[in-house]
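Here is the structure we will look at, set down as structure tokens.
We count residues from 1, following the sequence as given.
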Amino acid sequence: MAIPADDRARAIVDLVRHQGFQTIEALAGSFGVTPQTVRRDVNLLCDRGLLRRRHGGVEAPPREIADGRNLAYPERSILNLQAKRAIAAAVAAAVPAGSSLFFGIGTTPEQCALALTGHAGLRAMTNNLNVAFALARNPDTQIILAGGEMRNIDRDVVAGEAQGFFAHFAVDIGIYGVGGVAEDGTLLDFSQEEVAMRQSLARNCRQRFLVLDHSKFGRGATVRGGHVCEASMVFTDQPPPPAIAAMLAEAGCRLVVADLSVLSSVAQPTHPQVQPDRRVQS
């Protein structure tokens, strides 16, 4: 049975990242398609910055840029995608219908928004246009966007007038990601604006849901701000390092390790962990 083009593209990226340089012919054999089909696939992936051309085939691009910037959003959006979807399913099970929500920037909050499109009566405030477009699939969801200059590749707003956005509201749950978590639990990101927006989000919600896949533990970034234990709940796909797990337990922060095997059948809890405040203050 032929693999759909989008799934094949993700699989090609995963294969190259795990096994290194691949020839066009080897990829064609691996996926049971013609070299012409693979060439079209890899050309699109290279144009998006997800792979890099080399004579006769493709290789992975450099994982990190030397000056401390993050990977491009299109590349991040397919990294650990199944893990992010499992995390998002766990988050959706913890969010009651009718909740008011903050969403921060990043690819995992975007997956959470997609997982929440079946919830009724949500009200969402965000500086992440990817999240807004995902939530807009449900016409019942109210969406309020931060204003300011958009970062075109990331499709988010973190500077200028957006800095005061989250302070205008008080909501039930804030859902946010992070660039990395240091060994001492310090949260790390790639710009002062990103950190300021995340901290403002966390100050103005009753419950704070930190969402991050396992690759963020120990990952470096240049700007410090906040601590993992400031979250009400931490959602991830694998157990964190023991030192981090101990910190969370001591702080009374609930750790949720998502189960990848139940992606297609996650039920809503009978008694959700967070009861919504029906009023959004502005």
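Here L210 contributes atom CG and R198 contributes atom CZ; the two are 8.0 Å apart, rounded to the nearest 0.5 Å. For the atom pair NZ (K84) and OG (S215), the distance works out to 7.0 Å, reported to the nearest 0.5 Å. Atom CG of D172 sits about 5.0 Å away from atom OG of S99, to the nearest 0.5 Å. Between the CD atom of Q142 and the CG atom of L101 there is a distance of 11.0 Å, given to the nearest 0.5 Å. The distance from the CD1 atom of I24 to the OG1 atom of T34 is 10.5 Å, given to the nearest 0.5 Å. Taken to the nearest 0.5 Å, the CG atom of L135 stands 10.0 Å off from the CD atom of E110.
Within the 4.5 Å cutoff, no side-chain heavy atoms of Y176 are placed close to those of L212. Side-chain contact between V91 and C112 is present, with at least one heavy-atom pair separated by less than 4.5 Å. For the pair L255/V257, a side-chain contact is recorded, criterion being any heavy-atom separation below 4.5 Å from C-beta on. Residues D41 and R8 meet the side-chain proximity criterion, which asks for heavy atoms closer than 4.5 Å. A heavy-atom distance below 4.5 Å is found between the side chains of M125 and V171. Counting only heavy atoms from C-beta outward, the side chains of L81 and R10 approach each other to under 4.5 Å. Between L129 and M150, the closest side-chain pair of non-hydrogen atoms falls below 4.5 Å. Side-chain contact between Q22 and I12 is absent, with no heavy atoms from C-beta onward closer than 4.5 Å.
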**Report entry** Test log, rule side chain to side chain donor-acceptor pair (under 3.5 Å), inputs R85 and Q82
**Finding:** CA-CA 5 Å; R85 286 175 173 168; Q82 288 299 99; 3.1 Å; yes
Requested in this report: Take V234 and C253, measure what side-chain contact (heavy atoms from CB on, under 4.5 Å) needs, and give me the verdict at the end.
Outcome: CA-CA 7 Å; V234 173; C253 175; 3.7 Å; yes
Query raised in the report: After noting the C-alpha distance and the side-chain angles of E193 and M197, does the key distance pass the side-chain contact (heavy atoms from CB on, under 4.5 Å) rule?
Result: CA-CA 6 Å; E193 292 84 3; M197 290 293 287; 5.5 Å; no
Requested in this report: Could you walk me through whether N128 and R155 pass the side-chain contact (heavy atoms from CB on, under 4.5 Å) test, one step at a time?
Outcome: CA-CA 6 Å; N128 185 337; R155 295 181 182 174; 5.6 Å; no
Query raised in the report: Does the pair L187 and V181 meet the rule for a side-chain contact (heavy atoms from CB on, under 4.5 Å), with working shown?
Result: CA-CA 5 Å; L187 302 184; V181 180; 3.9 Å; yes
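Residues L188 and V223 are members of separate hydrophobic clusters, defined by side-chain heavy-atom contacts under 4.5 angstrom among Ile, Leu, Val, Met, Phe, Trp and Tyr. Criterion: ILVMFWY side-chain heavy atoms under 4.5 Å apart, direct or through other members. Under it, F217 and M247 are part of a common hydrophobic cluster. Residues L15 and V42 are members of one and the same hydrophobic cluster, defined by side-chain heavy-atom contacts under 4.5 angstrom among Ile, Leu, Val, Met, Phe, Trp and Tyr. Hydrophobic cluster membership differs between F103 and V157, with clusters built from Ile, Leu, Val, Met, Phe, Trp and Tyr side chains linked at under 4.5 angstrom. M233 and I87 fall within the same hydrophobic cluster, defined by Ile, Leu, Val, Met, Phe, Trp and Tyr side-chain heavy atoms under 4.5 Å apart, directly or through other members.
In terms of heavy-atom proximity, V16 sits nearest to A60 at CG1-N, 3.4 Å. Counting all heavy atoms, side chain and backbone alike, A132 lies closest to I143 at O-CD1, 3.5 Å. Of all heavy-atom pairs spanning A167 and N204, the tightest one is CA-ND2, 3.6 Å. Pairing each heavy atom of L114 with each of A134, the nearest pair is CD2-CB, 3.6 Å. Taking all atoms of both residues into account, the shortest heavy-atom contact from S232 to Q207 is OG-CA, 3.5 Å. What you find for L116 and A92 is that their closest heavy atoms are CD2-CA, 3.8 Å.
Annotation for Q238: atom CD counts as buried by contact number, over 12 foreign heavy atoms lying within 6.0 Å. No more than 12 heavy atoms of other residues, nucleotides or ligands lie within 6.0 Å of CZ in F133, so this atom counts as exposed by the packing criterion.
Residues that satisfy the ring pair (Phe, Tyr, Trp, His ring centres under 6.0 Å) test with F165, not counting sequence neighbours, are F169. For R54, the side-chain hydrogen bond (donor to acceptor under 3.5 Å, both in side chains) criterion is met by E59, not counting sequence neighbours. For R151, the salt bridge (Lys or Arg N to Asp or Glu O under 4.0 Å) test picks out D154, D156, E194, with sequence neighbours left out. Not a single salt bridge (Lys or Arg N to Asp or Glu O under 4.0 Å) links D213 to another residue, sequence neighbours left out. In this structure F102 satisfies the ring pair (Phe, Tyr, Trp, His ring centres under 6.0 Å) test together with F166, sequence neighbours excluded.
Screening D184, L248, T186, V178 for a side-chain contact (heavy atoms from CB on, under 4.5 Å) with V228, the sole residue that qualifies is L248. Considering I175, I105, T126, L145 in turn, T126 is the only one that fulfils the side-chain contact (heavy atoms from CB on, under 4.5 Å) rule with V131.
Residue pairs meeting the salt bridge (charged side-chain N to carboxylate O under 4.0 Å, His left out) criterion with at least one member in residues 221-245, sequence neighbours excluded, do not occur.
Side chain of D189 to backbone of G179: a donor-acceptor contact under 3.5 angstrom is found. In this structure a side-chain-to-backbone donor-acceptor pair under 3.5 Å is missing from H119 to G98.
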